[in-house]
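Below is one structure; the comments refer to it alone.
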Amino acid sequence: MSDEKKSAAPTKSSGKTEGANAYRATLNMPDTPFPMRGDLPKREPAWVADWNDSANDKGLYMRLREARKGAPLFVLHDGPPYANGQIHMGHAVNKILKDTIVKSRQLAGFDAQYIPGWDCHGLPIENAIEKKHGRKLSRDDMQAKSRAYATEQIDQQREDFKRLGVLGDWERPYRTMDFANEAGEIRAFKRVIERGFVYRGLKPVYWCFDCGSSLAEFEIEYADKKSDTLDVAFETDDAAQLANAFGLAGLPAGKSAFAVIWTTTAWTIPANQALNAHPEFNYALVETPMGCLVLAETLVEKCLERFGLEGTVLATTTGDKLGGLNFRHPLYDVDAGYQRLSPVYLADYVSDGDGTGLVHSAPAYGVDDFNSCIANGLAYDDILNPVQGNGAYAADFPLFGGLHIWKAVPVILEALKAAGRLMATEPITHSYPHCWRHKTPVIYRAAAQWFIRMDEGEGVFTKDKAPKSLREMALAAIDHTSFYPENGQARLRDMIANRPDWCISRQRSWGVPVPFFLHIDSGELHPRTMEILDQAAEIVEKGGIEAWSRVTAEEILGADDAPFYTKSSDILEVWFDSGSTFQHVLRGSHAHSYPNGAFHADGPEADLYLEGHDQHRGWFHSSLLLGCALYGRAPYKGLLTHGFTIDSQGRKMSKSLGNGLDPQEVNKKLGAEIIRMWVAASDYSGDIAGDEKILARVVDGYRRIRNTLRFLMANISDFNATTDAVPLDQMLEIDRFALARAAEFQAEVLKHFDIYEFHPVVSKLQVYCSEDLGAFYLDVLKDRLYTTAPKSLARRSAQTALHQITHAMLRWMAPFLSFTAEEAWPILAGEANQGSIFFETFAALPSPNEALLAKWARIRAIRDQANKAIEDLRAAGTVGASLQATLTITAGADDAALLRSLGDDLRFVTITSAVTVVNGAQLGIAVAPSAAVKCDRCWHYSADVGIDPNHPAICGRCVSNLAEAEGRGAGETRSIA
């Protein structure tokens, strides 16, 4: 059919009108109940309700499980979102990607399971409860209110996830606060202890004042912070020893001497206990008006300029000669509480890139400081740790007691200045660790905590020591893991290679307990600790963590031991919760869902974990460490990461900026299907841009796909594949080509699905609909579909191809356009409908015929040139519709033979009324208007219009097709060669 006919699509009529209208009733016009408008916001909720309706029968998810029973298993283990607050677009991206993967695996024939989960313990929920009920809640009250709050949040989020079209076991999700999971976590903790990884130690750990607790490496992000730099002078305690270290007989008469340090953490100066020098650096003794200064030789000039002093280098020495010298605290003469000495320890971590080349050491507030001081003999009990958990110095701390450390900075600077020890100070902005929950600065703070060790060492109660260190096992496991995208491997490897020991204890209430009893005097664990862990797990499995909170020492230890032991109030951090979920879900609470399939010989294993790229330092990280600690291997075969949601200007979506897309509002306005297509169409390996304009483009793409689908379904509405299908070898060549192209396209789609790539599928599907189908095959096909006899070979051949293509296309789009595929499926499947397209598998198309594909690729290229030549004449007004044109194609021998092989079908392919092929040196196309008469029925220009006196306005071809339709003779002949 021509462009003219497309714009004036005939409809069925009585045939009593004159001209073209008289024959409309004789055409096979498209007809389908599949509507042009999706009306998604109104209709989607009904599909969601139907999928999740388990009142009279099992919901769709469980019926799919029964249908795939015994099929190869595919397990995407859900990274649990936190049960706090309404879902945002980042949640939508995450869940839709997971759903798309699971559905594509389902259609590939797998038993593709998805058990959603929630992270329920931890600080954000405690914060929410404290905001509502205050900070003075008892532990029992906090736990009860937190559990109720998490339950309420989960119910809300679950409905929002369902609304996005996500299929899963929503009736039986896993929740880290379920009693069985809480108990399973304690049992996993026991096993980690048995493997030799757990120890208790006093170490500086990240500490958040807002959390009131230690933080893991995973919970830290870096942001700019304004600080004051300061250069501080420490006076020597023995001038003669210092002079001797520099090879001098003595210091200049009347001169004092000072070691000068540079720092950005003024609040640590009151807790100073040592100085550090690099053993291999050269240090200078510089005479200045204020005294002799010890500085790194390479930094003398910069330092003097910063101090506003002039000076002369008296002598130099190496850092190792300074080791053991003592200097006085800079507030030594201000308050008796600071009358202590700071010895010089030698340390390789000292830098001479900036500062003074000397480092001050407050061992409670820095990992390097701590290690250096302990290595040089400082006892744990002698470490000064005046900063309390809330960020304030202890009330009795000299000069600064009760002050919060950030507010104390100007007071400390003033005290140093008054003492004559502040050499210089200036404000700077620098990258500084922050709590990723509160976005507030954190500090290192020494605290007795429980750790999982990364390197060799003996843990408490070891009975089955791991053969390698946790770091070694984790690095090896990374090498056996697939990463999507691949650069995630290097990122995770670097983090594991350089990370410190994992601090797993927290000082909060809402979490799985560390069920230990510590001796009051020695701090040692009770000898029956491993039995107690089993007992605790049993108690928690029956009554939750609340039941353990109510247990007394007497009930567990007996009256004789109880007075000598303290029950730990620590909890396991939430990364231990979520990191161990593979153990509870795949082997515990949901093991019946994974009959043998989710277990490697050495432990449970999921096919895929999928989260945002920040989880390299979060859930991926903790899961890897616990998988290796428990089983010596990762709990996953593959890791997939996606970016964050941003606006079109590259800004992260946020409520404060007002640039976010709210999934609930988009659902109401456009439908969840548009969100799903947007997610699938985005390259998730980077950040995912979205705003109203971007969604508007997605809507346009959706309409293109929907309209194509509607055309396909409308033209096979009278086709029964069982009785009407034409064998492949009897189909017209262009129909065989269309199937070959569909098979070629499907191979591309499945390859993308196999590696979890969706944006190329969406992009290619739109191109396939608009170019392969709309601009070529369907354009060519309309004449045959509309004008030939309904049951003719020519029409049934076309319908056979369209039927297979439609089946294939529905499956291609179903993983991401799930609502639309489900809407179309019962119409297409008819009696074969099992209730959902997800019971099906990807279509079995004929193998791609390479020779046929190559032939028709060339024909299409020539056709494109012909269309351009026709358009030039249309623009000039020489011809109207393309059917008014005749073509003379001059072509080389190969092209000429190829075109002639189509016979008279060539004119249908070019949608013109006549085509002549002549041999020539190169391709050339001449266009002329037809001198023939236009047929009122097919609109072709033909010399035999009026050949039948009973039908004076139509061509002979149409006469024969009408005769076939009425059973009076044969219709037109179309070549199948």
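Each residue takes its place number in the sequence, starting with 1.
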Phe34 six-ring face occupied by Arg706 cation (under 6.0 Å, within 45°): yes

Salt-bridge criterion met for Lys868 and Glu871 (N-O under 4.0 Å): no

Short N-O contact, Lys791 and Asp724, less than 4.0 angstrom: no

Plane angle bin for Phe74 and Phe110 - parallel if under 30°, tilted between 30 and 60°, otherwise perpendicular: perpendicular

Interatomic distance, Ile954 atom CD1 to Ile947 atom CD1 [nearest 0.5 angstrom]: 11.0 Å

Any donor-acceptor N or O pair under 3.5 Å, side chains Thr32, Arg710: no

Sidechain N-carboxylate O distance under 4.0 Å for Glu733, Lys855: yes

Note: Arg974-Asp904 ion pair, threshold 4.0 Å (strictly below): no

Parallel, tilted or perpendicular, as decided by the 30° and 60° cut-offs, for the rings of Phe753 and Phe842: parallel

Donor-acceptor contact present, side-chain Arg676 to main-chain Leu164, <3.5 Å: yes

Test: Asp99 and Lys103 ion pair at under 4.0 Å: yes

Main-chain N/O of Tyr23 paired with Thr26 side-chain donor or acceptor, under 3.5 Å: yes

Interatomic distance, Leu661 atom CG to Ile688 atom CD1 [nearest 0.5 angstrom]: 12.0 Å

Residue pair Ile805 / Tyr768, side-chain heavy-atom distance below 4.5 Å: yes

Check ion pair Glu744-Arg741 (N to O, under 4.0 angstrom): yes

Asp754/Arg105 salt bridge by N-O under 4.0 Å criterion: yes

Check against side-chain contact (heavy atoms from CB on, under 4.5 Å), Leu97 and Tyr684: CA-CA 9 Å; Leu97 281 175; Tyr684 61 72; 3.8 Å; yes

Atom pair CG (Asn833) and CG (Leu828), whose distance is rounded to the nearest 0.5 Å: 9.5 Å

Pair Arg796 + Asp735: basic N to acidic O under 4.0 Å: no

Arg907 versus His940, side-chain donor and acceptor atoms under 3.5 Å: yes

Pair Trp812 and His807, ring centroids less than 6.0 Å apart: no

Electrostatic pair Arg863-Asp779, nearest N-O below 4.0 angstrom: yes

Between Asp718 and Gln799: side-chain donor-acceptor atoms closer than 3.5 Å: yes

Heavy-atom pair of closest approach, residues Leu883 and Trp939: CD1-O, 3.4 Å

